[in-house]
There are 2 protein chains.
Amino acid sequence: MERPELPLPQLHAFVVLAEELHFGHAAARLGIAQPPLSQQIRRLEDKVGHPLFRRDPGGAALTPAGRELLPAARRALTDLADALAAARAVGSGEAGRLRIGFSASLALTVLPGLLDTFRQRSPAVRLDVREMTSAPQVAALLERTVDVGLLREPPADEPRLRFRTVLTEPFVAVLPAHHPLAGRRTVRLERLADEPFVLLPREEGPQLYDRITGLCAGAGFTPAIAQHAVEWQTVCALVGAGLGVSLAPESIRRIRLRGVAFRRIEPGTARTRVAVAWRADDPDPLVHRLLEAVGDGHPAWNG
Amino acid sequence: MERPELPLPQLHAFVVLAEELHFGHAAARLGIAQPPLSQQIRRLEDKVGHPLFRRDPGGAALTPAGRELLPAARRALTDLADALAAARAVGSGEAGRLRIGFSASLALTVLPGLLDTFRQRSPAVRLDVREMTSAPQVAALLERTVDVGLLREPPADEPRLRFRTVLTEPFVAVLPAHHPLAGRRTVRLERLADEPFVLLPREEGPQLYDRITGLCAGAGFTPAIAQHAVEWQTVCALVGAGLGVSLAPESIRRIRLRGVAFRRIEPGTARTRVAVAWRADDPDPLVHRLLEAVGDGHPAWNG
DNA sequence: GCGTTCCATATCTCCAGGGATATCAGACCG
DNA sequence: CGGTCTGATATCCCTGGAGATATGGAACGC
C-alpha cells in the first residue's frame with residue numbers, strides 16, 4: 001500500500017461539483033467561496049495529471065477521466081463516513097460484539113435477566129453467549145476468546161482478572177427421593193459422611209469443588225467420590241438413579257427431575273458465590289456496560 | 001455528503017500499523033520515524049473519539065473500534081489508488097471508451113483498417129461503433145452521444161466540428177445490368193438525364209445529396225427521383241430491380257449484387273470526400289489518438 | 001453594446017498536520 | 001539491578017492546503 005496521493009477534502013469538492021456541475025452552486029453547498037473551489041479542483045486535476053471537468057459557459061461537465069474517478073471517490077467518502085460512525089458506536093459501547101461465557105447452572109437463574117436488561121439498554125450489541133465451566137472461562141478470558149465470564153467461586157489468585165459477586169446462595173443436599181434422609185426438611189452434613197458422592201470433576205471448577213469438599217471436611221469427613229459428571233443436570237440424574245448423593249448450589253433446584261430431592265443442609269451458613277469476571281485491563285466499553293447491567297438489573301430471581 | 005473528518009495519511013498509517021501491530025516496524029514501512037507515527041495514530045484516535053489500538057509491551061493490538069474501522073479504511077485507500085490509476089489511464093488515452101459513428105458505405109473500406117490500427121495502438125480502449133448516416137452523425141457529435149464520426153461530404157458550415165479528409169473517390173453510375181448504357185466502359189452523365197433516379201433521402205446526408213444533384217445540374221438536367229432508400233445496399237437492390245439508376249461513390253462497388261452494373265462517369269473529375277469529424281473543443285485524448293491513426297494507418301484500400 | 005453569468009487568476013493569511021530529534025517511562029529478562 | 005525492548009512526550013520547523021478578497025476575461029442574451 002502506497003501513500004495516498006489524493007487529499008479527501010479535494011475529493012469531497014470533486015464529488016459535490018460532479019453533482020452540481022456548477023462551481024458557484026457547489027461552492028455554496030460546500031460553504032466556501034467560489035475561487036477556493038476552483039483551486040481545489042485545479043489542485044486535484046494537477047495531481048491526477050488530467051482535467052476532470054470541461055468548463056463551458058453555463059456550467060461544467062465531467063471528462064472521461066473524471067467519470068472514471070467519480071464512483072470511487074464517492075464510495076470512499078461514504079465508506080469512511082459510515083465506518084467512522086460505526087467505529088464510534090463500537091467505541092462508545094452502543095454497538096459491537098460481546099462474548100460471554102457462563103456456567104450451565106446459571107442458565108436458568110441470573111443469565112436470562114442479565115441478558116435481558118443488557119439487551120434492552122444496548123440493542124445494537126451482538127451477544128455471543130457460550131456455555132462453559134469455570135476453569136475454561138478463566139482460560140478463555142485470559143486468551144481473549146471471551147470478554148465476560150459468569151462463574152461460581154471465582155479464583156482468588158488471578159490478578160489479571162476482576163470479579164464482582166452477582167449473588168450468593170446456600171448449598172443444598174441432592175438426594176434420591178427414596179433416600180431415608182430425604183424424609184426430613186433439613187439434612188445435617190455429617191449424615192452424608194458414608195454416602196457415595198456424585199460431583200463435577202475438579203478440573204472443571206477447582207474452587208467450587210474445593211468448597212464442597214471443604215464443607216465436608218468441616219463436618220468431619222472426606223467424601224467418597226463415586227462418580228463424576230460435567231453438568232449439574234447429569235449429576236442430578238445420576239443421583240436420581242441412586243448412584244450417590246451430592247452437594248450443590250441451591251439454584252440447581254430449578255432442575256426438576258423425578259426421583260431427586262433437594263434438602264437444606266445444617267449448618268446452613270455456607271454459601272457459594274456467583275460472580276462476573278472480566279479482564280482487569282479491558283477498555284472495551286461493552287464490558288463495563290455489562291457490569292452496570294449486573295449492578296442495576298438486580299435478578300428477578302429468588303431461590 | 002458531509003466534509004470528510006479523517007485525513008487519508010492518518011488512515012494510511014492506521015492500516016499499516018494494523019498490519020504490522022508494531023509501531024517501530026510500521027514507521028519503518030512508512031518511511032518515517034516512530035514518534036510521528038505515534039502522533040498520527042493519536043490524532044486519528046482523537047478524531048474517532050476512541051482508542052483504536054491497545055498498546056501493550058511487545059506490540060499493539062486492535063480494539064473493537066479499530067477492527068470496525070480497518071476494512072473501510074483499507075478499502076478506501078485501495079479504491080482510490082485504483083481509481084486514480086484508471087483515471088490517469090483514461091486521461092492519457094491509454095484506456096477508456098470511444099464512440100464512433102460511421103456511414104454504412106465505409107464499413108467495407110476505410111473503417112476496418114482504421115479500427116485495426118487504432119486497436120493495435122490502444123488495446124485497452126473500448127470502441128463503440130455505430131452505423132449512422134451523415135446528418136445524424138453531425139447531430140450526435142454536437143449532443144455528445146458520439147465522439148468521432150466517419151462520414152461523406154462534411155458540411156462546411158459547422159464551426160463547432162472539425163473535419164479531416166480520409167480519402168476522396170470518384171463517382172460511378174449505378175445501372176441495371178441489362179440497361180443499354182451498361183454496355184459501355186464509361187457513361188456520360190447527360191445520358192442519365194431522362195432516367196428515373198434512386199437516391200438516399202436528402203435529410204440523411206444533405207451534402208452528398210446536393211453533391212449528386214449538383215453533378216446532374218452540371219450536366220444540364222435535374223434528376224427525377226423515382227425512389228428513396230436509406231442505405232446504399234438498398235439503393236443498389238432497387239436499381240437491380242429496374243426502378244431506376246443512381247450515382248454513388250465508387251466504394252459501393254464493393255456491394256456486389258446480381259443485375260447491377262457500375263460504370264465510371266464522364267467527366268470523371270468529380271470526387272466525393274470521406275472525412276473524420278470530431279468536436280473542435282474535444283480534449284479527449286482518445287479522439288486525437290484516433291486522428292493519428294487516421295493519418296498514419298493509411299487505408300490498405302484501393303478502389 | 002452592455003450587462004450578466006460563470007469561471008479563472010492573482011495575492012494574501014492562517015494554521016493544522018507531518019516531519020525530525022531528544023528524552024522519558026514502563027515491562028521484561030538475564 | 002541494569003540493559004533492552006516497547007511506545008509516549010516534549011519541542012521545534014516547515015510546508016502545503018484551505019480559506020478569503022479583488023479582479024480579469026470569455027460567452028451569452030436582450
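Reminder, nothing fancy here: chain letters follow the sequence lines and each chain counts from 1.
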Nearest-Å distance, CZ (B:Phe23) to P (D:dC5)?
-> 18 Å
Residues in side chain to side chain contact (heavy atoms under 4.5 Å, CB included) with B:Glu20, at least two apart?
-> B:Val16, B:His25, B:Ala26, B:Arg29
Contact boundaries of DNA chain C with chain B (under 4.0 Å, heavy atoms), 5' to 3'?
-> C:dG17 to C:dA27
Partner residues of B:Ala33 under the side chain to side chain contact (heavy atoms under 4.5 Å, CB included) criterion, sequence neighbours left out | B:Pro35, B:Pro36
How would you list, by chain and number, every residue that makes a side chain to side chain donor-acceptor pair (under 3.5 Å) with A:Arg97, sequence neighbours excluded?
-> A:Asp128
With sequence neighbours excluded, give me every ring pair (Phe, Tyr, Trp, His ring centres under 6.0 Å) pair touching residues 37-79 of chain A.
-> A:Phe14-A:Phe53
Tell me, please, which residues at least two apart from B:Pro64 pass side chain to side chain contact (heavy atoms under 4.5 Å, CB included).
-> A:Val90, A:Asp284, B:Arg67
Whole Å only: how far is the CG atom of B:Asp56 from the P atom of D:dC5?
-> 18 Å
Can you sort out the partners of B:Arg273 under side chain to side chain contact (heavy atoms under 4.5 Å, CB included), two or more places apart, ordered by chain and number?
-> B:Glu153, B:Pro154, B:Thr165, B:Thr168
Quick one: does A:Gln207's side chain have a donor or acceptor within less than 3.5 Å of a partner on A:Arg152's backbone?
-> no
All N/O contacts under 3.5 Å from nucleotides 16-22 of chain D to the protein, with atom names and distances to one decimal?
| residue | atom | partner | partner atom | Å |
| --- | --- | --- | --- | --- |
| D:dG17 | OP1 | A:Lys47 | NZ | 3.3 |
| D:dA18 | OP2 | A:Gln10 | NE2 | 3.3 |
| D:dA18 | OP2 | A:Gln40 | OE1 | 2.5 |
| D:dG19 | OP1 | B:Arg3 | NH2 | 2.9 |
| D:dG19 | OP2 | A:Gln40 | NE2 | 3.1 |
| D:dA20 | OP2 | A:Ala33 | N | 2.8 |
| D:dA20 | N6 | A:Gln39 | NE2 | 3.2 |

What is the distance from CZ of B:Arg54 to C1' of D:dT6, rounded to the nearest Å?
-> 14 Å
If only side-chain N and O atoms of B:His22 are considered, is one of them under 4.0 Å from the OP1 or OP2 phosphate oxygen of D:dG7?
-> yes
Sequence-distant partners of B:Phe118, ring-ring contact (aromatic ring centres under 6.0 Å, His included), two or more places apart | none
